[in-house]
Amino acid sequence: NFPHEAIYFVVDGELVNSDSKRKVGDTAQKTFDLFTAIVGERAVRKSVDEWRVFNNQKSDIGAYVELMETTEDGPRDWVVGVNREGFDAESTKSFANLFVHEYGHILFYDKPTFEERYKNNFWTTADIKHGEEVSKARGDEKFFLTQDYYEENSKRFVSDYATVSFGEDMAETFVYFIREDKPTSNTVLDQKIRTFYQEPDLVEIRTQIRANLRELGVL
């Protein structure tokens, strides 16, 4: 719940200002172009309906996705919001990782069976309890909860943020699945990464995104 600087429609893969007299902002266009370059224009046309930009130095939210509307068999209309704080020519790699993470959320929405299997296989009662505690925490308390839990379970999670919920765990692990080679050891973390390889559509998406990241010079 914070104000957005700008909200744009996405029409035929392009940003469109609801006010026809105003141009699309430079940062909005650059972040949208980066997102499109990473996930592909086809994916943007299929899923993204709105692009929102905000600037909040105090927020730990770098970006978010939100489902606006869906039908049983129709397309999913998603909002993608991005915090332009820190976005510049030197931040392409970090924002690329952020956008892969958010795209993972969009993909997993249409894979409920995969989500359920992931949760049942890899999330313990202690993990769920920790996630509930984090959801109630604020500020520094939340930071220390996730940091401490991650340090105790670094062979099970890719990052401290992955401990927040199984959904964030999946999205964070998805980034590693995209960026890194297939692991060969048998830690829980490596088992998590390898489970993505059991989904042919995700393997195909991995190949496409990796090619896009190479083209951008961030892989």
Side-chain angles (χ1 to χ4, degrees), residues 2-10 13-17 22-45 47-48 50-66 78-107 139-140 142-144 146-147 150-151 154 157-164 167-183 189 193 196 205-219:
F2 41 73
H4 292 81
E5 291 183 336
I7 298 176
Y8 302 97
F9 298 123
V10 179
E14 301 290 339
L15 289 188
V16 176
N17 200 319
R22 298 180 63 185
K23 295 182 179 179
V24 175
D26 184 58
T27 301
Q29 189 65 62
K30 287 181 178 179
T31 52
F32 177 76
D33 288 346
L34 178 61
F35 184 86
T36 303
I38 293 167
V39 307
E41 185 175 341
R42 182 179 178 183
V44 171
R45 286 174 177 266
S47 299
V48 183
E50 283 189 13
W51 188 262
R52 300 179 181 179
V53 178
F54 61 99
N55 184 25
N56 192 328
Q57 296 179 354
K58 297 180 180 180
S59 175
D60 60 355
I61 299 175
Y64 68 88
V65 292
E66 180 181 350
W78 290 88
V79 171
V80 178
V82 57
N83 189 348
R84 71 175 179 84
E85 170 65 24
F87 181 79
D88 55 36
E90 304 301 319
S91 62
T92 301
K93 184 175 181 179
S94 62
F95 271 79
N97 290 345
L98 181 64
F99 288 155
V100 171
H101 172 109
E102 298 304 332
Y103 184 50
H105 285 304
I106 293 175
L107 292 172
D140 289 344
K142 183 174 182 178
F143 171 80
F144 289 119
T146 55
Q147 188 65 38
Y150 170 65
E151 290 177 357
S154 59
F157 294 95
V158 297
S159 69
D160 56 348
Y161 190 59
T163 72
V164 169
E168 297 302 342
D169 182 22
M170 288 181 65
E172 285 285 272
T173 307
F174 180 69
V175 176
Y176 272 67
F177 164 69
I178 294 293
R179 297 196 63 91
E180 306 297 334
D181 294 334
K182 187 175 183 179
L189 173 55
I193 297 171
F196 290 97
I205 289 170
R206 177 182 186 270
T207 300
Q208 294 170 349
I209 292 181
R210 284 176 65 85
N212 295 339
L213 293 175
R214 289 193 191 95
E215 186 72 20
L216 291 166
V218 291
L219 182 63

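Just so it is clear, the values below take in all heavy atoms, side chains as well, and ignore hydrogens, waters and symmetry mates.
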Please check if the number of heavy atoms outside E180 that lie under 6.0 Å from its CD is greater than 12. yes
Step-by-step side chain to side chain contact (heavy atoms under 4.5 Å, CB included) determination, D60 to F143: CA-CA 10 Å; D60 60 355; F143 171 80; over 6 Å; no
I'd like to know whether CZ of F87 has more than 12 heavy-atom contacts from other residues, nucleotides or ligands below 6.0 angstrom. yes
Rounded to the nearest 0.5 Å, what separation is found between the CG atom of N83 and the CZ atom of F54? 4.0 Å
F9 atom CZ: more than 12 heavy-atom contacts under 6.0 Å: no
Can you tell me how far the CG atom of L107 sits from the CZ atom of F174, to the nearest 0.5 Å? 5.0 Å
Which class fits the ring pair F95 and F99: parallel under 30°, tilted 30 to 60°, perpendicular over 60°? perpendicular
Looking at NE2 of H101 and CD1 of I106, how far apart are the two atoms once the value is rounded to the nearest 0.5 Å? 11.0 Å
Side chain to side chain, I61 and N56, heavy atoms closer than 4.5 Å: no
Are the side chain of R206 and the backbone of F177 linked by a donor-acceptor contact shorter than 3.5 Å? yes
Taking all atoms of both residues into account, what is the closest heavy-atom pair of E102 and A63, and its distance? OE2-O, 3.2 Å
Residues, nucleotides or ligands: over 12 heavy atoms within 6.0 Å of R42 CZ: no
On the 0 to 90° scale, with breaks at 30° and 60°, tag the W51-F32 ring pair as parallel, tilted or perpendicular. perpendicular
How long is the straight-line distance from NE2 of H105 back to CD of E168, given to the nearest 0.5 Å? 3.5 Å
In Å and rounded to the nearest 0.5 Å, what is the CD1 to CG distance from I178 to N97? 10.5 Å
Tell me the salt bridge (Lys or Arg N to Asp or Glu O under 4.0 Å) pairs involving residues 79-93, sequence neighbours left out? E5-R84
Donor-acceptor pairs under 3.5 angstrom involving side-chain atoms of residues 212-219: please list them, not counting sequence neighbours.
{"unit_1": "N212", "atom_1": "ND2", "unit_2": "A37", "atom_2": "O", "d": "3.4"}
{"unit_1": "N212", "atom_1": "ND2", "unit_2": "I38", "atom_2": "O", "d": "2.8"}
{"unit_1": "N212", "atom_1": "ND2", "unit_2": "Q208", "atom_2": "O", "d": "3.3"}

Y8 versus A28, closest heavy-atom pair with distance: CE1-CB, 3.4 Å
Minimum heavy-atom distance I193-P183, with the two atoms named: CG2-CD, 3.7 Å
Quick one: ring-ring contact (aromatic ring centres under 6.0 Å, His included) partners of Y103, sequence neighbours excluded? none
Identified side chain to side chain contact (heavy atoms under 4.5 Å, CB included) counterpart of L15 within the set V10, T36, D33: V10
When you measure from the side chain of R210 to the backbone N and O of R179, does any donor-acceptor pair fall under 3.5 Å? yes
Which atoms form the tightest heavy-atom contact between K23 and N17, and what is the distance? O-ND2, 3.4 Å
Where is the tightest heavy-atom contact between V24 and Q29, given as atom of each residue plus distance? CG1-OE1, 3.6 Å
Is any side-chain heavy atom of F157 closer than 4.5 Å to a side-chain heavy atom of E172? no
Check: V44 main-chain N/O paired with S47 side-chain donor or acceptor under 3.5 Å: no
Indicate yes or no: at least one non-hydrogen side-chain atom of T163 is less than 4.5 angstrom from one of D169. no
